[in-house]
Amino acid sequence: VNASGSKYVPKLLKEFGCEVVELFTDNTGVFPHTPEPITENLSLLSQSVKSNNADMGIAVDPDADRLVLLDENGDPIGEEKTIAIAVKSVLEDYEKYKSVFDKSIVVNLSTSGMIEKIANEYGAVVTRSPVGEINVVNAMKEANSVIGGEGSGGVILPHIHYGRDSLVGIALLLSLLHKYKCSLK
C-alpha cells in the first residue's frame, strides 16, 4: 500500500523470475485504503488476482514485516498458514542450516497447532513464547532455533536477521512452491 514494501516486494519477485502485476507500489506512504492486510482490505488485490489469472496475491503491512497470501482464486489463505509454509520450507532444506542452528522452531502462544504437525514430520522441536516479536526472538536465541515467527504472518529467519520480514517469507514460499511445483491451493 505504497509503503516500505512497495519498492522491494516487486523487485524481489522479479528477481525470482515472477511476472508481477503491481498494485499501490509508488512508495509515497499515501495509503489508498486502510493499510492493514486483513481480508476486508484485500478486495482490490483479490480482484486483481482473479482478473489477471494470477497464481497468487501478496500483501504486506506498511512496514513489510508481515506477509499475507492469497491463492489463485483470490482468497486469503490465512496468516497462520504463512508461518507454516515458511517453517516447512526451512525444514525441507535444514541441511544448509544445521551447522549453525538447531532443528528448533519458536512461535508465540497464539500461533496455530499446524506448526507442531509440520515439526513432527521433520523431527523438529517447537517452543512457544509469549506473544510479541521480542519474546519470540529471545526464545529463538535461547533455543538456537532455525526459524520462528508469529501467526500474524511474521516470519523470522535468524540466518538472515532476528526480525519479522515479509521478504524472507516470500523467498521461503517461492522456494517451496518451486520445489514441489505446486500452487498455494
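Bear in mind the structure is a predicted one, so any value in this text is a computation, not a measurement.
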So, the side chain of [X] versus the backbone of [Y]: is there a donor-acceptor pair under 3.5 Å, distance only?
{"X": "Asn144", "Y": "Val100", "answer": "yes"}
{"X": "Asn2", "Y": "Asp26", "answer": "yes"}
{"X": "Ser175", "Y": "Ala171", "answer": "no"}
{"X": "Ser4", "Y": "Pro62", "answer": "yes"}

Quick check for you: to the nearest 0.5 Å, what is the distance between [X] atom [atom1] and [Y] atom [atom2]?
{"X": "Phe16", "Y": "Ile170", "atom1": "CZ", "atom2": "CD1", "value": "9.0 Å"}
{"X": "Leu45", "Y": "Leu69", "atom1": "CG", "atom2": "CG", "value": "10.0 Å"}
{"X": "Leu167", "Y": "Leu67", "atom1": "CG", "atom2": "CG", "value": "9.0 Å"}
{"X": "Lys96", "Y": "Phe101", "atom1": "NZ", "atom2": "CZ", "value": "12.5 Å"}
{"X": "Asn138", "Y": "Ile134", "atom1": "CG", "atom2": "CD1", "value": "4.5 Å"}
{"X": "Ser129", "Y": "Asn135", "atom1": "OG", "atom2": "CG", "value": "5.5 Å"}

Under 3.5 Å, is there a donor-acceptor pair between the Asn52 and Ser48 side chains?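 There is such a pair (donor and acceptor under 3.5 Å, judged by atom type) between the side chains of Asn52 and Ser48.
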Any idea which heavy atoms bring [X] and [Y] closest together, and the distance?
{"X": "Ala124", "Y": "Ile105", "value": "CB-CD1, 3.9 Å"}
{"X": "Ile147", "Y": "Ile156", "value": "CG1-O, 3.4 Å"}
{"X": "Leu42", "Y": "Pro76", "value": "CD1-CG, 4.3 Å"}
{"X": "Ile83", "Y": "Glu80", "value": "CG2-O, 3.3 Å"}

Any chance you could lay out the side chain to side chain contact (heavy atoms under 4.5 Å, CB included) test for Met56 and Leu174, step after step, and finish with the verdict? CA-CA 11 Å; Met56 73 180 80; Leu174 293 176; 4.2 Å; yes
Check side chain to side chain contact (heavy atoms under 4.5 Å, CB included) between Lys50 and all other residues, then give those that pass, not counting sequence neighbours.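 For Lys50, the residues satisfying side chain to side chain contact (heavy atoms under 4.5 Å, CB included) (neighbours in sequence not counted) are Ser46.
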Pairs touching residues 103-117 that satisfy side-chain hydrogen bond (donor to acceptor under 3.5 Å, both in side chains), sequence neighbours left out: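 Passing the test, one end in residues 103-117: Ser104-Ser145, Asn108-Ser110, Asn108-Thr111, Asn108-Glu150, Glu116-Arg128.
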Short N-O contact, Glu36 and Arg66, less than 4.0 angstrom: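 Counted as a salt bridge, because a side-chain N and a carboxylate O are separated by less than 4.0 Å.
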Between Glu22 and Lys14, does any side-chain N to carboxylate O distance fall below 4.0 Å?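 Yes, this pair counts.
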Run Lys88 and Ile85 through side chain to side chain contact (heavy atoms under 4.5 Å, CB included) and show every step you take. CA-CA 5 Å; Lys88 184 167 180 70; Ile85 289 167; 5.9 Å; no
